[in-house]
Amino acid sequence: IFIMEKYLSIPVTNEGNQLVTLSNVKLIEAASTTSTTINYGSSKVITITHAAVPANSTIFRNYIQSQMSAALSTSWTNVSMEITPAYAVSNIDIA
């Protein structure tokens with residue numbers, strides 16, 4: 001079975017857009033008011049650092065999750081979906 005990779009294209013301040021894979025995502029967490037993590041089955045973790053959201057808010061996490069769902073529901077020929085978060089992203093790190 002051939003599985004097409006899909007990505008979110010996220011604008012990062014002073015770095016242009018960066019691609020974040022949607023394959024094998026296991027959990028998306030609001031890690032703090034300024035970071036959201038995407039955990040993968042491969043044990044990799046992407047940390048998205050963004051402008052502060054209100055305390056105890058999952059607004060950024062919910063946005064990323066809904067954009068992932070939207071991207072995955074598109075045709076297999078739509079490999080990347082550009083998004084525009086309401087909260088500026090300053091860094092995307094993978095560990």
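FYI, the numbering just counts along the sequence from 1.
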*asked:* I need the Lys6 NZ to Met81 CE distance, nearest 0.5 Å.
replied: 9.0 Å
*Could you grab the distance from atom OG of Ser90 to atom CD1 of Ile48, nearest 0.5 Å is fine?*
10.5 Å
*Using a 4.5 Å cut-off on heavy atoms from C-beta on, say whether the side chain of Ile92 contacts that of Glu15.*
no
*Provide the closest heavy-atom pair for Glu29 versus Asn39 in the form atom of the first, atom of the second, distance.*
OE1-ND2, 3.4 Å
*Do Tyr7 and Val12 belong to the same hydrophobic cluster, where Ile, Leu, Val, Met, Phe, Trp and Tyr are linked whenever their side-chain heavy atoms lie under 4.5 Å apart, directly or via other members?*
no
_Joint hydrophobic cluster, Val25 plus Leu27, side-chain heavy atoms closer than 4.5 Å_ = no
*Between Ile38 and Thr21, does a side chain to side chain contact (heavy atoms under 4.5 Å, CB included) hold up when you go through it step by step?*
CA-CA 10 Å; Ile38 303 170; Thr21 185; over 6 Å; no
*Go through Asp93 and Thr49 one step at a time and tell me if the side chain to side chain contact (heavy atoms under 4.5 Å, CB included) criterion holds.*
CA-CA 8 Å; Asp93 185 54; Thr49 306; over 6 Å; no
*So which heavy atom on Tyr87 is nearest to which on Ile59, and how close?*
CE1-CG2, 3.8 Å
*Between Pro54 and Ser57, what is the shortest heavy-atom contact and its length?*
O-CB, 2.9 Å
*Atom of Ser35, atom of Thr47 and distance for their closest heavy-atom approach*: CB-CG2, 4.0 Å
*Identify the two heavy atoms, one from Ser23 and one from Glu5, that lie closest to each other, and give their separation to 0.1 Å.*
OG-OE1, 3.0 Å
*asked:* Check for me, please, whether Val89 and Val45 land in the same ILVMFWY cluster - side-chain distances under 4.5 Å, paths through other members count.
replied: no
*Mind listing the closest non-hydrogen atom pair of Leu8 and Gln67 along with its distance?*
CD2-O, 3.8 Å
*Roughly how far, to the nearest 0.5 Å, is CG of Leu22 from CG of Leu72?*
5.0 Å
*Please determine which of Thr36, Asn91, Thr34 meets the side chain to side chain donor-acceptor pair (under 3.5 Å) test together with His50.*
Thr36
*Does atom CG of Asn24 have more than 12 heavy-atom neighbours, drawn from other residues, nucleotides or ligands, at distances under 6.0 Å?*
yes
